[in-house]
Chemist: 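Got a structure here, written out as structure tokens. Questions coming.
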Number of protein chains: 2
Amino acid sequence: MVKPFDKMEVEITTEEKILIAARKVFIEKGWDGARMQEIADNAGINKALLHYYFRNKEQLFKRVFAGIVSKLIPNLNTIIQSEQPIFEKIQAFIDAYLDFLLANQELPLFVANELSRNANLIVGAFEENGLKPMIGKMVMEIFQAIENKQIRPINPAHLLMNIVSMCVFPFMGRSIFQKVLMQVPEEMYQELLKQRKKEIYEMVYHSIVL
Amino acid sequence: MVKPFDKMEVEITTEEKILIAARKVFIEKGWDGARMQEIADNAGINKALLHYYFRNKEQLFKRVFAGIVSKLIPNLNTIIQSEQPIFEKIQAFIDAYLDFLLANQELPLFVANELSRNANLIVGAFEENGLKPMIGKMVMEIFQAIENKQIRPINPAHLLMNIVSMCVFPFMGRSIFQKVLMQVPEEMYQELLKQRKKEIYEMVYHSIVL
DNA sequence: ATCATATTTAACCAAATGGTTAAACCTTTT
DNA sequence: AAAAGGTTTAACCATTTGGTTAAATATGAT
């Protein structure tokens, strides 16, 4: 049966409502801090219905977690796979990474946290999506760029570590940065974050260019 | 009364045993995941005794947290306050930071985590110790180094962010790095971490030297 | 209308958890 | 030896939490 036009696109299934609520609560509170009741409240339903859709907390969590992981990696892999000169590729990588981070600021801390408490979470997430980050290709290209005298000799693993660190840490360690080290108000910190794309690329560029 | 010699230095008070156990469990499991029973077990006592020494979980946690924070900051402040040329100072900063991190690898994730879930934890820890990181002086000195044409023009806030990011992230985001991005075994990752002192300094040096 | 199926709810349950109590046990002082 | 103080324990309690059950309600098909 066809639904009336004004009800068609707007509708969100209960399952979606639950996943949205669960995502929010899990990210905010972590596995240990998240409460099924709070998820139900956030989804506007009651606990029994929650268990009707997802048998238990673990199943719901895994579903949320897999959903999160599957969002970032394909994005980065396309860039890594692409054919462009090393400096352009690095810049594209930083750009894409920061776009994602700016739109999902609380994600890195959540992922690091859950991953460190449950190592095989990532295995499950990978298996479910069939995606893995292709870091090997990047390492190769850095080696080539060194041979071609495009950049100074540098250990590619550390260069990549440095780039990723500069991208992610201001988000993941936000509480430390903002409250402990810099002690700036929220809006100012957001302003800093927006400048990172440019600042990181310049840092990397100057540190490797010959 | 004086204790017999052979019992003097070795003895650990019950309070110390509790604090050591609590530190371990809190760091490992976080506030939400930590169980008073597990702390008691780890300290080799029972729950009632735990509550005799520390009235409740919160009090015990605050004590542990303050103890952790008070270990890093004085260390860094001495370096920041010291009078040495900019490059030496940066190197000393990286050295000291990495020494601390190598000896306390799980700390950054724990601190970031708890801080992001409870903002005023840090206020309490600061008040209790009267210590705050002196980042202002560092910013000034970077500005001066730019004026003196020692280093290229760069936003000091971002330079510091970059340095701290490269130092801390391989520890804080270890689960992401090791398991997701690099997929290397434990010993190899430890090897990488030990190389960071040199690698980070070289990265920073080349990125700002004129 | 009515039957079947999917959706939603209130009430309930067992286990875990932070915290309490009152009594027992040392160790030192008198 | 007995009083006093701090130290340690087993047993207990109230609340929270993940999860279940059985009944009620809506929705679409016959």
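All heavy atoms count here, side chains included; hydrogens, waters and symmetry mates do not. Letters go in sequence order (proteins before strands), and every chain restarts at 1.
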Chemist: Return a table of donor-acceptor pairs under 3.5 angstrom between the side chains of residues 98-112 of chain B and protein atoms on other chains or two or more places apart.
Modeler:
| from | atom 1 | to | atom 2 | distance (Å) |
| --- | --- | --- | --- | --- |
| B/Asp99 | OD1 | B/Lys197 | NZ | 2.8 |
| B/Asn104 | OD1 | B/Arg23 | NH2 | 3.4 |
| B/Asn104 | ND2 | B/Phe100 | O | 2.9 |
| B/Gln105 | OE1 | B/Arg174 | NH1 | 3.1 |
| B/Gln105 | OE1 | B/Arg174 | NH2 | 3.4 |
| B/Gln105 | OE1 | B/Gln190 | NE2 | 3.0 |
| B/Gln105 | NE2 | B/Leu102 | O | 3.3 |
| B/Gln105 | NE2 | B/Gln190 | OE1 | 3.1 |

Chemist: Can you list, in residue-number order, the parts of residues 38-47 of chain B that come under 4.0 Å of DNA chain C, counting heavy atoms only?
Modeler: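 B/Lys47, in order of number.
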Chemist: Identify, with sequence neighbours excluded, every residue that meets salt bridge (charged side-chain N to carboxylate O under 4.0 Å, His left out) alongside B/Lys57.
Modeler: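 Salt bridge (charged side-chain N to carboxylate O under 4.0 Å, His left out) list for B/Lys57, sorted by chain: empty.
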Chemist: Residues in salt bridge (charged side-chain N to carboxylate O under 4.0 Å, His left out) with B/Glu199, at least two apart?
Modeler: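 Counting only residues at least two positions away or on another chain, B/Glu199 forms no salt bridge (charged side-chain N to carboxylate O under 4.0 Å, His left out).
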Chemist: Which residues satisfy the salt bridge (charged side-chain N to carboxylate O under 4.0 Å, His left out) test with B/Glu83, sequence neighbours excluded?
Modeler: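 Partners of B/Glu83 by the salt bridge (charged side-chain N to carboxylate O under 4.0 Å, His left out) criterion, ordered by chain and then number, come out as B/Lys137.
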Chemist: Roughly, in whole Å, what's the span from CH2 in A/Trp31 to P in D/dT17?
Modeler: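 These atoms are roughly 14 Å apart.
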Chemist: Roughly, in whole Å, what's the span from CG in A/Leu60 to C1' in D/dT17?
Modeler: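 Nearest whole value for this atom pair: 15 Å.
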Chemist: Just list the side-chain donor-acceptor pairs under 3.5 Å for residues 156-163 of chain A, sequence neighbours left out, or say none.
Modeler:
| from | atom 1 | to | atom 2 | distance (Å) |
| --- | --- | --- | --- | --- |
| A/His158 | ND1 | B/Arg196 | NH1 | 3.0 |
| A/His158 | NE2 | B/Gln195 | OE1 | 2.7 |
| A/Asn162 | OD1 | B/Arg196 | NH1 | 3.1 |
| A/Asn162 | OD1 | B/Arg196 | NH2 | 2.5 |
| A/Asn162 | ND2 | A/His158 | O | 3.2 |

Chemist: In Å, rounded to the nearest 0.5 Å, how long is the span from CD1 of B/Ile200 to OG of A/Ser207?
Modeler: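 One finds 12.5 Å between CD1 of B/Ile200 and OG of A/Ser207.
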Chemist: Quick one: list whatever passes side chain to side chain contact (heavy atoms under 4.5 Å, CB included) with B/Thr78, sequence neighbours left out.
Modeler: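 Counting only residues at least two positions away or on another chain, B/Thr78 forms no side chain to side chain contact (heavy atoms under 4.5 Å, CB included).
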Chemist: Grab the CE-P distance between B/Met36 and D/dA14 for me, whole Å please.
Modeler: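 Rounded to whole Å, this separation is 20 Å.
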Chemist: Would you mind writing out the side-chain donor-acceptor pairs for residues 27-34 of chain B within the sub-3.5 Å range, not counting sequence neighbours?
Modeler:
| from | atom 1 | to | atom 2 | distance (Å) |
| --- | --- | --- | --- | --- |
| B/Lys29 | NZ | B/Glu38 | OE1 | 3.1 |
| B/Lys29 | NZ | B/Glu38 | OE2 | 3.1 |

Chemist: So if I take residues 49-59 of chain A and measure heavy-atom distances to DNA chain C, which residues fall below 4.0 Å?
Modeler: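 A/Leu49, A/Tyr52, A/Tyr53, in order of number.
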Chemist: Got a sec, which residues hit salt bridge (charged side-chain N to carboxylate O under 4.0 Å, His left out) with B/Lys24, two or more places apart in sequence or on another chain?
Modeler: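 Applying salt bridge (charged side-chain N to carboxylate O under 4.0 Å, His left out) to B/Lys24 gives none.
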Chemist: Are the aromatic rings of A/Phe169 and A/Phe177 close, with centres under 6.0 Å apart?
Modeler: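 Yes - the distance between ring centres of A/Phe169 and A/Phe177 falls below the 6.0 Å cut-off.
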Chemist: Is there a side-chain polar atom (N or O) of A/Arg35 under 4.0 Å from OP1 or OP2 of D/dT16?
Modeler: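 No, outside the criterion.
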Chemist: Kindly compute the distance separating CD1 (A/Ile151) from CD (A/Glu141), expressed to the nearest 0.5 Å.
Modeler: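 So the CD1 of A/Ile151 and the CD of A/Glu141 are separated by 11.0 Å.
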Chemist: Atom CD of A/Gln37 and atom P of D/dG19: how far apart are they, to the nearest Å?
Modeler: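 Computing the A/Gln37:CD to D/dG19:P distance gives 13 Å.
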Chemist: Between B/Asp41 and B/Gln37, is there a side-chain donor-acceptor contact under 3.5 Å, judged purely by atom types and distance?
Modeler: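 Looking only at side-chain atoms, B/Asp41 and B/Gln37 do form a donor-acceptor pair, the distance falling under 3.5 Å.
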Chemist: Is the shortest side-chain N/O distance from A/Thr14 to OP1 or OP2 of C/dT7 below 4.0 Å?
Modeler: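 Answer no for this pair, as no side-chain N or O of A/Thr14 is under 4.0 Å from OP1 or OP2.
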Chemist: Provide a list of protein-nucleic acid N or O atom pairs under 3.5 angstrom, restricted to nucleotides 22-25 of chain D.
Modeler:
none

Chemist: Let me check I have this right: for DNA chain C, each base becomes ., (, ), [, ] or |, based on Watson-Crick or G-U pairs with both distances under 3.5 Å. What is the full string?
Modeler: |||||||||||||||||||||||||.||||
Chemist: When you look at B/Lys62 and B/Glu114, which way does the salt bridge (Lys or Arg N to Asp or Glu O under 4.0 Å) test go after all the steps?
Modeler: CA-CA 11 Å; B/Lys62 277 185 183 161; B/Glu114 300 307 329; over 6 Å; no
